S.K.: 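Below you will find the structure I want to go over with you.
Just so we're clear, the structure is a prediction, and the values are computed from it rather than from any experiment. Atom set for the values below is all heavy atoms of this structure, side chains included, hydrogens, waters and symmetry mates excluded.
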Amino acid sequence: MSFPSGSTARVLAGCWMATGALTASAQLPLSIEELLVSERTLQLQSAVSYSNSQTLVPIPVNPGLSSAAPAFNRRQTRVTSTTSRLRYGVRPDLEINVSAVHARAEWRQPGLAGGADQYRLALGASWLVSAENRTPAVLLTAGVDVLESSWLDPDAKYHGKTGRVGATLYRSIDPLVLSLAAGYEVRGARDIAGGRLQPGNLFFLQPQVNFAVNYRVTLTGGVSVQIREREKVNDATFSLREHGTALNLGLGVLAGEHSTVFVDTRIGTSGDESAQLVLEWLYRF
């Protein structure tokens with residue numbers, strides 16, 4: 001299998017930004033009490049997301065036509081992602097989890113169209129360092145991908161190449177819950193068909209406010225900032241550093257004694273023109 005063409009590779013690199021929100025963090029809990037799964041309790045967390053983005057890409061110009069005005073094509077990228085996570089409470093302040101993620105990207109622009117799949121299996125843990133008192137609650141998270149594939153080489157399999165750490169601060173001011181989440185994902189170099197890939201590391205920051213309308217319904221709102229470092233193949237840059245911001249608006253509903261349903265929308269406010277819809281279901285056994 002040969003390495004994708006330059007245009008295709010850049011499209012695939014941009015797919016990191018479309019799926020980054022789900023990769024880096026799940027929906028923040030509705031209340032302080034839900035920071036961790038209760039001790040000896042199992043919780044299932046499932047999510048489906050769909051994102052659509054449009055980007056202007058320059059059309060190569062004949063060097064002999066230096067006076068020609070720059071021209072652009074519009075590229076559309078669609079990413080559908082599914083996530084399943086099992087969480088288990090080991091202690092009142094500690095939980096472990098396992099996650100499986102599959103993402104399908106499709107893109108189209110004049111003269112170029114295609115699609116690719118990516119998946120990963122990850123192990124993680126969350127530790128409540130400090131409960132809420134005079135200071136906000138502090139939750140630390142960490143995880144590693146024990147198995148993953150790549151957009152650029154679907155036949156390749158990687159083990160332990162990606163790891164992530166994060167921290168979230170929570171403060172409850174009834175009927176509000178204020179939170180600030182930050183995370184960093186390290187993506188190690190890996191071999192692909194045609195070379196050595198160095199993916200760009202990812203950083204995200206997400207402040208959020210939850211407003212409890214009543215005991216069953218909570219409105220959520222916030223912003224997110226995401227930065228991906230440049231990516232290289234064989235020490236040559238093929239995707240520059242990218243950043244994007246988005247407005248997040250959502251709704252959480254207590255659907256039953258054991259279930260909570262989230263509907264979350266993310267609208268890009270900088271970077272590419274983009275929008276994302278996320279449906280998430282939590283079930284407590």
S.K.: Flag the pair Tyr184 / Asn201 as yes when at least one side-chain heavy-atom distance between them is below 4.5 Å, and no otherwise.
M.R.: yes

S.K.: Are Leu123 and Tyr158 connected in a single hydrophobic cluster, I mean Ile/Leu/Val/Met/Phe/Trp/Tyr linked by side-chain heavy atoms less than 4.5 Å apart?
M.R.: no

S.K.: Answer with yes or no whether the hydrophobic clustering places Leu36 together with Val90; edges join I, L, V, M, F, W, Y residues whose side-chain heavy atoms lie under 4.5 Å apart.
M.R.: no

S.K.: Could you walk me through whether Leu44 and Phe285 pass side-chain contact (heavy atoms from CB on, under 4.5 Å), step by step?
M.R.: CA-CA 8 Å; Leu44 172 64; Phe285 292 93; 3.8 Å; yes

S.K.: To the closest 0.5 Å, what do you measure between OG1 (Thr141) and CH2 (Trp127)?
M.R.: 12.5 Å

S.K.: Heavy atoms, side chains only, cut-off 4.5 Å: are Phe211 and Thr218 in contact?
M.R.: no

S.K.: Tell me whether Tyr170 is reachable from Val129 by hopping between hydrophobic residues (I, L, V, M, F, W, Y) whose side-chain heavy atoms are closer than 4.5 Å.
M.R.: no

S.K.: Could you walk me through whether His159 and Leu147 pass the side-chain contact (heavy atoms from CB on, under 4.5 Å) test, one step at a time?
M.R.: CA-CA 5 Å; His159 305 277; Leu147 176 65; 3.4 Å; yes

S.K.: Run the salt-bridge test on Arg164 and Asp145 with the 4.0 Å N-O cut-off and return the result as yes or no.
M.R.: yes

S.K.: Less than 4.5 Å apart, side chain to side chain, heavy atoms only: is that true for Val144 and Thr162?
M.R.: no

S.K.: Which pair of heavy atoms, one from Ala105 and one from Val79, lies closest together, and at what distance?
M.R.: CB-CG2, 4.0 Å

S.K.: Report yes or no: do Asn97 and Tyr88 form a side-chain donor-acceptor pair below 3.5 Å?
M.R.: no

S.K.: Spell out, as yes or no, whether a donor-acceptor pair under 3.5 Å connects the side chain of His258 to the backbone of Tyr283.
M.R.: no

S.K.: Search all heavy atoms of Gln276 against all heavy atoms of Ser49 and return the closest pair with its distance.
M.R.: NE2-OG, 3.8 Å

S.K.: How long is the gap from CD on Gln208 to CG on Leu178, to the nearest 0.5 Å?
M.R.: 10.5 Å

S.K.: Could you tell me which non-hydrogen atom of Arg284 sits nearest to which non-hydrogen atom of Glu257, and how far apart they are?
M.R.: NH2-O, 3.9 Å

S.K.: With rounding to the nearest 0.5 angstrom, report the OG to CG distance, Ser126 to Asp93.
M.R.: 11.0 Å

S.K.: With the 4.5 Å side-chain cut-off for hydrophobic clustering, are Leu249 and Val278 part of the same group?
M.R.: no

S.K.: Identify whether the distance between the nearest side-chain nitrogen and carboxylate oxygen of Arg108 and Glu106 falls below 4.0 Å.
M.R.: no

S.K.: If I compare all heavy atoms of Leu247 with all of Gly222, which pair ends up nearest, and what's the gap?
M.R.: CD1-O, 3.5 Å

S.K.: Tell me every residue that passes ring-ring contact (aromatic ring centres under 6.0 Å, His included) with Tyr50, counting only those two or more places apart in sequence or in another chain.
M.R.: none

S.K.: Count the heavy atoms of every other residue, nucleotide or ligand shown that sit under 6.0 Å from CZ of Arg230, and state whether that count exceeds 12.
M.R.: no

S.K.: Taking C-beta and beyond as the side chain, do Glu280 and Gln45 meet within less than 4.5 Å on heavy atoms?
M.R.: yes

S.K.: Quick one, Ser224 and Leu205 - any side-chain contact, counting heavy atoms below 4.5 Å?
M.R.: no

S.K.: First locate atom CG of Leu86, then atom OG of Ser46, and finally report the distance between them rounded to the nearest 0.5 Å.
M.R.: 8.0 Å

S.K.: Would Leu279 and Val263 satisfy side-chain contact (heavy atoms from CB on, under 4.5 Å), going step by step from the backbone distance to the final call?
M.R.: CA-CA 5 Å; Leu279 301 177; Val263 180; 3.8 Å; yes

S.K.: Atom OG in Ser99, atom CG in Leu121: separation rounded to 0.5 Å?
M.R.: 8.0 Å

S.K.: Is the shortest heavy-atom distance from the side chain of Ser149 to the side chain of Asp117 under 4.5 Å?
M.R.: no

S.K.: With no hydrogens and no angle check, do the side chains of Gln76 and Ser53 hold a donor and an acceptor under 3.5 Å apart?
M.R.: no

S.K.: May I ask you to say whether Arg228 pairs ionically with Glu242, meaning some side-chain N is under 4.0 Å from a carboxylate O?
M.R.: yes

S.K.: For Ser172 and Asp174, which I'm curious about, is there any donor-acceptor pair between the side chains at under 3.5 Å?
M.R.: no

S.K.: Output yes when a side-chain donor or acceptor of Thr260 lies under 3.5 Å from a complementary backbone atom of Val253, and no otherwise.
M.R.: no

S.K.: Are Leu251 and Leu219 side-chain neighbours, meaning at least one heavy-atom pair lies under 4.5 Å?
M.R.: yes

S.K.: Using only atom types and a distance under 3.5 Å, with no angle test, would you say the side chain of Asn133 pairs donor to acceptor with the backbone of Thr135?
M.R.: yes

S.K.: Between the side chains of Ser270 and Thr245, is a donor N or O closer than 3.5 angstrom to an acceptor N or O?
M.R.: yes

S.K.: For Ala137 and Leu128, which heavy atoms make the closest approach, and how far apart are they?
M.R.: CB-CD1, 4.5 Å

S.K.: Report yes or no: does Asp153 contribute a side-chain atom to a donor-acceptor pair with the main-chain N or O of Ala193 at less than 3.5 Å?
M.R.: yes

S.K.: How close do Tyr215 and Leu254 get, heavy atom to heavy atom, and via which atoms?
M.R.: O-CD2, 4.0 Å

S.K.: Is any side-chain N of the basic residue among Arg120 and Glu148 closer than 4.0 Å to the acidic one's carboxylate O?
M.R.: no

S.K.: Testing the 3.5 Å rule here: is there a donor-acceptor pair between the side chains of Gln198 and Glu231?
M.R.: no

S.K.: So, the side chain of Arg187 versus the backbone of Gly200: is there a donor-acceptor pair under 3.5 Å, distance only?
M.R.: yes

S.K.: For the hydrophobic clusters of this structure (ILVMFWY residues joined by side-chain heavy atoms under 4.5 Å, transitively), does one cluster hold both Leu169 and Leu140?
M.R.: yes

S.K.: Evaluate the side-chain contact (heavy atoms from CB on, under 4.5 Å) criterion for residues Leu42 and Arg87: first the C-alpha distance (whole Å), next the side-chain angles of each, then the deciding distance (0.1 Å), finally the verdict.
M.R.: CA-CA 6 Å; Leu42 188 66; Arg87 303 168 59 189; over 6 Å; no

S.K.: Measure the spacing between CZ of Arg91 and OG of Ser38 and express it to the nearest 0.5 Å.
M.R.: 15.0 Å

S.K.: Do Pro199 and Arg190 touch side chain to side chain, with heavy atoms closer than 4.5 Å?
M.R.: yes

S.K.: Holding to side chain to side chain donor-acceptor pair (under 3.5 Å), I want the full list of residues that pass it with Ser259, two or more places apart in sequence or in another chain.
M.R.: Trp281

